[in-house]
Chemist: 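Starting off with a structure, shown below.
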Amino acid sequence: MRNTVIFGNWKMNKNKKETLDFIKEVDKLVAKTNTVAGIGVPFIYLDEARKQAKNVNIIAQNCHFEASGAYTGEISIDMLKDINIDTVIIGHSERREYFNDTDADIAKKVKKLIDNNLTPVLCCGETLSQYENKETIAVVKKQLLENLSLIEKNNVEKVIIAYEPIWAIGTGKTATAEIAQNVCKEIRNIISENFGAKIADKVIIQYGGSVKPNNIAELISQPDIDGALVGGASLDPKSFLELL
Ligand code: PGA
């Protein structure tokens, strides 16, 4: 049985007080759910958020693949480990689009995270035109095979995969549960064909893109959708708790 894993991705939102108030409000209640819950808070609040949170996982939104060095503005995996962060979102479409994170960069991040015993939340997904041209599976397959190419087969089950169609992110357009399930099933097939059926059976696959309290139940009741990566609807504590 795979766990249900629901992560919020706050992106570049909230100040320190709002971050800590949110954790205060949700943390105890998170313990009462059967869901593995986490929130991706901005880098500068990670340390305090991590210290305050007892039940909700505090996760990072990115990292650099080098251990240290002349990379102005970047955060290393060692720095994240130093403040007890164990999960990192990587390859989000906004990172790919606005900050030029390439598939090769993302592959290095996956490898370094796994080498350091951290969990990558690896995002993949197609643009609207790729969706309309029926290229979804080819695009996602290329991303995943390249992004997972540097790690040992057996470690693939340690990666959480988040399928996020770009046309559904922040647009209010959710992929229907049927579309999301079909792609997540294909992703599991891709993992099975390339890394083995046992690993495919264990790997957690989240769906992301305009997930809200009113559509999450149908999405995560699909056999190949094990949770969600949620942007907008994770910013309000009541909405986040409803999602869980
Ligand atoms: P959204 O964002 O829920 O606001 O569409 C999802 C994401 O970017 O992870």
Side-chain angles (χ1 to χ4, degrees), residues 4-14 18-19 22 26 35-43 45-46 49 56-63 85 87-101 103 106 109-110 113 119-131 136 139-140 143-144 147 159-177 179-181 183-184 187 204-222 224-244:
T4 301
V5 184
I6 299 178
F7 290 153
N9 172 14
W10 282 359
K11 312 187 180 183
M12 196 171 70
N13 289 295
K14 292 198 189 288
E18 288 164 347
T19 300
F22 182 107
V26 307
T35 309
V36 178
I39 39 175
V41 312
F43 276 132
Y45 308 130
L46 281 175
V56 64
N57 291 297
I58 301 299
I59 74 178
Q61 299 176 17
N62 186 30
C63 65
I85 299 297
T87 304
V88 183
I89 300 170
I90 48 167
H92 190 280
S93 58
E94 288 150 17
R95 297 285 328 165
R96 292 176 189 258
E97 185 180 350
Y98 308 136
F99 304 98
N100 301 320
D101 281 15
D103 281 322
I106 296 161
K109 294 181 188 192
V110 174
L113 285 165
T119 301
V121 181
L122 170 61
C123 303
C124 61
E126 80 286 9
T127 62
L128 180 60
S129 69
Q130 289 166 335
Y131 170 71
T136 300
V139 168
V140 165
Q143 288 173 332
L144 288 177
N147 299 162
V159 178
I160 295 176
I161 296 172
Y163 166 59
E164 300 206 303
I166 297 169
W167 49 271
I169 296 177
T171 58
K173 279 189 211 163
T174 324
T176 61
I179 296 173
Q181 160 58 22
V183 180
C184 291
I187 289 174
I204 301 280
I205 304 176
Q206 297 176 319
Y207 166 79
S210 298
V211 175
K212 308 277 181 236
N214 67 7
N215 61 22
I216 192 166
E218 195 187 359
L219 286 161
I220 66 165
S221 67
Q222 305 300 314
D224 289 292
I225 303 179
D226 308 314
L229 183 58
V230 188
S234 73
L235 290 167
D236 173 67
K238 286 190 185 58
S239 159
F240 183 70
L241 287 167
E242 274 183 64
L243 290 166
L244 301 185

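Numbering of ligands and ligand atoms starts at 1, following listing order. We count residues from 1, following the sequence as given. Note that the structure is a prediction, hence the values are computed from the model and not measured.
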Chemist: Looking at Thr174 and Ser210, would you say the former's side chain and the latter's main chain have a donor-acceptor pair under 3.5 Å?
Modeler: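 At least one qualifying donor-acceptor pair exists.
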Chemist: Is there a heavy atom of Lys212 sitting under 4.0 angstrom from any atom of ligand 1?
Modeler: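 The answer is no: ligand 1 sits nowhere under 4.0 Å from a heavy atom of Lys212.
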Chemist: Tell me the salt bridge (Lys or Arg N to Asp or Glu O under 4.0 Å) pairs involving residues 226-236, sequence neighbours left out?
Modeler: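 Residue pairs with at least one partner in residues 226-236: Arg2-Asp226, Arg188-Asp226.
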Chemist: Which residue holds the protein heavy atom closest to atom 6 (C) of ligand 1, what is that atom called, and what is the gap in Å?
Modeler: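 Looking only at protein heavy atoms, the one closest to atom 6 (C) of ligand 1 is Gly231 N, 3.5 Å.
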Chemist: Just jot down the ligand 1 atoms closer than 4.0 angstrom to any heavy atom of Lys11, in number order.
Modeler: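 So the atoms of ligand 1 that pass are 2 (O), 7 (C), 8 (O).
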Chemist: Report yes if the side chains of Thr136 and Pro165 come closer than 4.5 Å at any heavy-atom pair, otherwise no.
Modeler: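 Result no, sub-4.5 Å side-chain heavy-atom pair not found.
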Chemist: Which of the atoms in ligand 1, numbered in the order shown and given with their element, are less than 4.0 Å from a heavy-atom of Asn9?
Modeler: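 Matching atoms, with element in brackets: 9 (O).
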Chemist: CD1 of Ile89 to SG of Cys63: how many Å apart, nearest 0.5 Å?
Modeler: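 With rounding to 0.5 Å, CD1 (Ile89) is 11.0 Å from SG (Cys63).
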Chemist: Please enumerate all residues that pass ring-ring contact (aromatic ring centres under 6.0 Å, His included) together with Phe22, with sequence neighbours excluded.
Modeler: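 If we apply the ring-ring contact (aromatic ring centres under 6.0 Å, His included) test to Phe22, skipping adjacent residues, the hits are Trp10, Phe240.
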Chemist: Is the closest heavy-atom distance from Gly170 to ligand 1 below 4.0 Å?
Modeler: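 Distance cut 4.0 Å: Gly170 passes for ligand 1.
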Chemist: With a 4.5 Å cut-off on side-chain heavy atoms, are Phe43 and Asn62 touching?
Modeler: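 Yes. Closest side-chain heavy atoms under 4.5 Å.
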Chemist: Could you check which of Glu164, Gln206, His92, Glu94 puts a non-hydrogen atom nearest to atom 8 (O) of ligand 1?
Modeler: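 That would be His92.
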Chemist: In this structure, which one of Ile220, Val5, Leu243, Thr4 forms a side-chain contact (heavy atoms from CB on, under 4.5 Å) with Thr35?
Modeler: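 Checked Ile220, Val5, Leu243, Thr4 against Thr35; only one passes side-chain contact (heavy atoms from CB on, under 4.5 Å): Thr4.
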Chemist: Give a yes/no verdict on whether any heavy atom in Ala233 is under 4.0 Å from an atom of ligand 1.
Modeler: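 No heavy atom of Ala233 comes that close to ligand 1.
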Chemist: What atoms of ligand 1 come within less than 4.0 Å of a heavy atom belonging to Gly209?
Modeler: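 The atoms of ligand 1 under 4.0 Å from a heavy atom of Gly209 are 5 (O).
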Chemist: Show me which atoms of ligand 1 lie under 4.0 Å from any heavy atom of Ala168.
Modeler: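 Result: 5 (O).
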Chemist: Which atoms of ligand 1 have any heavy atom of Ser210 under 4.0 Å away?
Modeler: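 Listed by number with element: 1 (P), 3 (O), 5 (O).
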Chemist: Within ligand 1, which atoms have a heavy atom of Gly232 less than 4.0 Å away?
Modeler: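 Listed by number with element: 1 (P), 3 (O), 4 (O).
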Chemist: Measure the OG-CD1 distance between Ser93 and Ile169 for me, rounded to the nearest 0.5 Å.
Modeler: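 Atom-to-atom, Ser93:OG and Ile169:CD1 are 3.5 Å apart.
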